[in-house]
Amino acid sequence: LVRLRARLARSQNSLGKGLLTLLSREHLDEDTWEEIEDTLLTADVGVAPTQELVERLRERVKVLGTRTPEQLRTLLREELLLLVGTEFDRAVKTESGLETPAVVMVVGVNGTGKTTTTGKLARVLVADGRSVVLGAADTFRAAAADQLQTWGERVGARTVRGPEAGDPASVAFDSVKEGIAEGADVVLIDTAGRLHTKTGLMDELGKVKRVVEKHGPLDEVLLVLDATTGQNGLVQARVFAEVVDITGIVLTKLDGTAKGGIVVAVQRELGVPVKLVGLGEGPDDLAPFEPEAFVDALIG
Ligand code: GDP
């Protein structure tokens with residue numbers, strides 16, 4: 001965790017540091033406020049949240065009068081925390097509360113890190129003493145099932161897969177069936193994310209969801225977004241949200257971008273919290289999203 005925090009800090013602290021430097025200027029003129037806005041927009045915070053934050057900062061700085069570095073840091077920390085939101089329940093639901101396993105479906109566009117995230121999540125759960133079944137319902141990307149199975153073997157989770165280019169819903173159905181038969185705690189289902197047509201995606205994910213629900217409730221639908229894709233990620237998020245009820249967001253590749261503001265933008269867009277972040281390609285590089293740690297990483 002310490003290592004992950006350090007990595008998060010390395011990739012993110014230019015935003016907070018930039019803001020602190022600007023806020024410390026002797027004269028906070030209009031140009032400076034514009035620079036502050038630009039800094040936030042460049043970090044993908046989004047237009048509305050940027051405007052709100054700047055308005056609040058202006059107000060609070062005015063009330064403050066003199067500005068010591070410590071005061072500014074505290075003020076910025078509070079305001080960024082407010083923006084990121086501390087009110088959400090960010091725990092991934094991995095207990096069904098029933099006799100049957102919790103079922104978590106992982107969705108997102110190919111290449112965002114869906115399969116890797118599913119594998120990493122399995123690893124965390126197994127390390128925590130939970131038994132996991134993996135469902136390789138991404139039957140369209142030829143290597144996806146192999147990749148998932150490799151993760152499964154590495155972490156000690158059985159992988160249920162179907163024939164190549166087979167029916168994703170049938171793999172999803174079988175994986176939950178297997179999970180129930182084995183008395184597993186959690187079933188993680190990796191899905192295909194072809195965005196070529198919305199109806200295609202809708203049909204496919206809708207069907208996966210319906211067959212899973214024949215066994216019982218779907219506990220969590222995690223949308224995986226690549227943090228480096230910025231506004232494009234938001235467009236993807238919107239499409240997926242129209243198709244399935246997203247319950248949490250996983251933001252991957254935060255190690256490769258300083259544009260952590262996307263956390264704020266995507267939560268706003270979907271009204272659901274970022275629950276996990278990916279901070280690298282390695283097996284341990286998945287972390288719960290903690291607003292305090294994130295904001296501290298921003299401010300440095
Ligand atoms: P999928 O098509 O969505 O299943 O994507 P994959 O899981 O195959 O991941 C695509 C690429 O992104 C792979 O090379 C992963 O190693 C890489 N990747 C996934 N998550 C992260 C992350 O958090 N950070 C970095 N740097 N790379 C990641």
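Remember, it's 1-based here, ligands and their atoms both numbered in the order they're listed. Note that these values count all heavy atoms, side chains included, but never hydrogens, waters or copies made by symmetry.
With hydrogens left out, the protein atom closest to atom 5 (O) of ligand 1 is Gly113 N, 3.1 Å, a heavy atom. Of the protein's heavy atoms, Lys253 NZ, 4.1 Å lies nearest to atom 11 (C) of ligand 1. Annotation: atom 24 (N) of ligand 1 to nearest protein heavy atom, Asp255 OD1, 2.9 Å. At the top of the distance list for atom 27 (N) of ligand 1, counting protein heavy atoms only, stands Glu281 CG, 3.2 Å. Of the protein's non-hydrogen atoms, Thr116 OG1, 3.4 Å is the one closest to atom 6 (P) of ligand 1. Atom 21 (C) of ligand 1 has its closest protein heavy atom at Gly280 O, 3.5 Å. For atom 8 (O) of ligand 1, the closest non-hydrogen atom of the protein is Gln147 NE2, 3.0 Å. Protein heavy atom at the shortest distance from atom 10 (C) of ligand 1 is Gly111 O, 3.7 Å.
Taken from NZ in Lys207 to CG in Asp203, the straight-line distance is 9.0 Å, to the nearest 0.5 Å. Here the straight-line distance linking atom CG of Leu286 with atom OG1 of Thr117 works out to 6.0 Å at 0.5 Å rounding. For the atom pair CD (Glu79) and CG (Leu19), the distance works out to 12.0 Å, reported to the nearest 0.5 Å. Distance CZ/Arg77 to CG/Leu20: 12.0 Å, rounded to 0.5 Å.
Cluster partners of Leu41, by chain and number: Val47. The rule joins Ile, Leu, Val, Met, Phe, Trp and Tyr whenever side-chain heavy atoms lie under 4.5 Å apart.
At a heavy-atom distance under 4.0 Å, no atom of Arg7 approaches ligand 1.
Listed for the Thr252 side chain is a donor-acceptor partner under 3.5 Å among the backbone atoms of Thr112. Panel note: side chain Gln267, backbone Val84; a donor-acceptor pair is recorded below 3.5 Å. Looking only at distances, a side-chain donor or acceptor of Lys120 sits under 3.5 Å from a matching main-chain atom of Asp285.
Residue Asp285 has no N or O atom closer than 3.5 Å to an N or O atom of ligand 1. At a 3.5 angstrom cut-off on N or O pairs, Leu254 does not count as close to ligand 1. In terms of polar-atom proximity, Thr117 is not counted as a contact of ligand 1, lacking any N or O under 3.5 Å from an N or O of the ligand. Residue-to-ligand polar distances keep Asp190 apart from ligand 1: every N/O pair is separated by 3.5 Å or more.
Using a 4.0 Å cut-off to heavy atoms of Thr115, the atoms of ligand 1 that qualify are 1 (P), 4 (O), 7 (O). With ligand atoms numbered from 1 in the order given, ligand 1 contributes 23 (O) to contacts under 4.0 Å with heavy atoms of Gly278. If you number the atoms of ligand 1 from 1 as listed, the ones under 4.0 Å from a heavy atom of Val109 come out as 3 (O). Close approach of ligand 1 to Arg141 (heavy-atom distance below 4.0 Å) involves ligand atoms 1 (P), 2 (O), 4 (O), 8 (O). Distances below 4.0 Å separate heavy atoms of Leu279 from the following atoms of ligand 1: 23 (O). In the vicinity of Lys114, heavy-atom distances shorter than 4.0 Å reach the ligand 1 atoms 1 (P), 3 (O), 4 (O), 5 (O), 7 (O).
Applying the side-chain hydrogen bond (donor to acceptor under 3.5 Å, both in side chains) test to residues at least two apart or on different chains, the pairs with a partner in residues 122-138 are Thr94-Arg130, Arg123-Asp284, Ser131-Asp185.
In this structure, a donor-acceptor pair under 3.5 Å is present between the side chains of Glu220 and Thr247.
A salt bridge links Lys253 to Asp226: one of the charged nitrogens lies within less than 4.0 Å of a carboxylate oxygen. For the pair Asp89 and Lys275, the salt-bridge criterion is not met [side-chain N within less than 4.0 Å of a carboxylate O].
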